[in-house]
There are 2 protein chains.
Amino acid sequence: MEMTKTETQRPYTQVLGRLRAVGLRPTRQRLALAKLLFEGPDRHVTAEILHGEAQAASMRVSLATVYNTLHQFTAAGLLREIVVDSQRSYFDTNMTDHHHFFFVGTGELKDIPGDQVEVAGLPAPPPGMTVKRVEIVVRVENE
Amino acid sequence: MEMTKTETQRPYTQVLGRLRAVGLRPTRQRLALAKLLFEGPDRHVTAEILHGEAQAASMRVSLATVYNTLHQFTAAGLLREIVVDSQRSYFDTNMTDHHHFFFVGTGELKDIPGDQVEVAGLPAPPPGMTVKRVEIVVRVENE
DNA sequence: GTGATTGCAAATCTTTTGCACTAAA
DNA sequence: TTTAGTGCAAAAGATTTGCAATCAC
């Protein structure tokens with residue numbers, strides 16, 4: 001609430017702060033991509049899609065930099081990579097605990113909030129191993 | 001029990017029958033790959049691995065045929081494709097309802113029997129959509 | 001300035017494709 | 001025979017890499 005004015009006046013402030021907070025230099029390209037990714041609702045993107053959006057918005061960013069940036073953001077905890085399709089990588093801006101519907105036909109993803117889902121009966125991981133994440137993908141099809 | 005003798009005398013009988021049962025011509029290559037895949041305990045393979053094993057066993061099969069065969073077997077219900085790594089495709093000979101541990105460091109997979117696992121609270125799929133499968137991947141790491 | 005970051009083109013890796021050849025029925 | 005299946009080499013698509021140019025600090 002109290003930040004609305006600031007956001008309006010300095011539109012890059014939020015993403016800039018987010019980049020600084022994770023130790024990434026706020027370069028023109030990173031700011032542009034962060035803007036596309038983090039302003040607005042949560043989303044699922046591929047490198048190709050994000051690159052296309054950047055171009056459509058007249059932001060000059062190479063595809064290689066999009067790949068680099070997606071991975072840097074992921075390593076920094078700003079994004080999460082979702083593996084649902086062996087052909088392309090998806091990145092999710094929603095960092096809360098959640099799962100996914102995957103629409104096989106279209107390749108679209110839809111979040112399933114994690115707080116409603118309960119998984120019981122999973123065995124303990126092998127000795128010396130730690131559970132990094134439990135991912136549920138519900139593959140759905142038309143008809 | 002009563003098939004042991006038959007198996008010993010005609011080692012290809014089982015896989016031959018499996019291929020016939022799903023309407024795939026039992027060619028030399030398919031029989032060889034099916035032998036590697038289905039004789040012995042359940043396993044997880046990539047095209048690369050299976051091709052390597054075929055070569056090691058002096059079976060002459062091209063990599064393209066390995067890819068074709070893996071997909072044909074999958075379409076025929078003899079294999080299941082597991083998506084855990086965006087870089088390579090894994091195929092699983094275990095067709096029962098189950099899930100997986102994925103060892104991030106090594107890329108190895110380990111089955112989690114499905115009958116012990118209970119998932120509650122998943123929302124219904126969008127109208128017109130049918131759930132094809134619910135996949136759980138438990139990503140584990142060393143330490 | 002200086003080290004981090006970027007762009008570009010080439011390289012790499014997995015997977016698919018086109019087509020002549022071979023083999024199963 | 002006849003049609004499905006195979007091998008090979010080439011293509012395709014996603015992602016990475018090397019390195020000179022550029023930018024943030």
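Every chain is numbered from 1, with letters handed out A, B, ... down the list of sequences.
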Could I get the full list of side chain to side chain contact (heavy atoms under 4.5 Å, CB included) partners for [X], not counting sequence neighbours?
X	value
Glu141(A)	Val104(A), Lys132(B)
Pro26(A)	Leu16(A), Leu19(A), Arg20(A), Leu31(A)
Val22(B)	Leu24(B), Ala76(B), Leu78(B)
Ser89(B)	Ser86(A), Glu81(B), Phe91(B)

List in chain and number order the residues that pass side chain to side chain donor-acceptor pair (under 3.5 Å) with [X], two or more places apart in sequence or in another chain; answer none if no residue qualifies.
X	result
Thr65(B)	Ser62(B)
Arg30(A)	Gln72(A)
Asp97(A)	none

Could you tabulate the donor-acceptor pairs under 3.5 Å formed by side-chain atoms of residues 108-115 of chain B, not counting sequence neighbours?
residue, atom, partner, partner atom, Å
Glu108(B), OE1, Thr106(B), OG1, 3.1
Asp111(B), OD1, His44(B), NE2, 2.8
Asp111(B), OD1, His98(B), NE2, 3.4
Asp111(B), OD1, His100(B), NE2, 3.1
Asp111(B), OD2, Asn94(B), ND2, 2.8

Rounding to an integer number of Å, can you tell me how far [X] [atom1] sits from [N] [atom2]?
X	N	atom1	atom2	value
Met59(B)	dG7(D)	CE	P	13 Å
Leu19(B)	dA24(C)	CG	C1'	13 Å
Leu50(A)	dA14(D)	CG	P	15 Å
Gln72(A)	dT16(D)	CD	C1'	13 Å
Arg60(B)	dA23(C)	CZ	P	11 Å
Leu24(A)	dT5(C)	CG	C1'	11 Å

Original post:
In terms of heavy-atom contacts, does CZ of Arg133(A) have more than 12 from other residues, nucleotides or ligands at under 6.0 Å?
Top reply: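 Yes, because the 6.0 Å sphere around CZ of Arg133(A) holds more than 12 heavy atoms from other groups.
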* Hey, what bend do you get for the helix from dG1(C)-dC25(D) to dA25(C)-dT1(D) if you fit axes on five pairs at each end, rounded to 10°? ->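 Helix axis angle between the two ends: 30°.
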Report task. For the pair Tyr90(B) (side chain) and Gly107(B) (backbone), establish whether a donor and an acceptor sit closer than 3.5 Å, ignoring hydrogens and angles. Result ->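 Yes, Tyr90(B) side chain to Gly107(B) backbone: donor-acceptor pair under 3.5 Å.
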*asked:* Can you list, by chain and residue number, the hydrophobic cluster partners of Val83(B) when the side-chain cut-off is 4.5 Å?
replied: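 Taking Ile, Leu, Val, Met, Phe, Trp and Tyr as members, Val83(B) shares its hydrophobic cluster with Val83(A).
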So which protein N/O to nucleotides 19-25 of chain D N/O distances come out below 3.5 Å?
residue, atom, partner, partner atom, Å
dC25(D), OP1, Arg20(A), NH2, 3.2

Its contact letters, B for base, S for sugar-phosphate only and - for none at protein heavy atoms under 4.0 Å, make nucleotides 8-22 of chain C read B-----SBBB-----
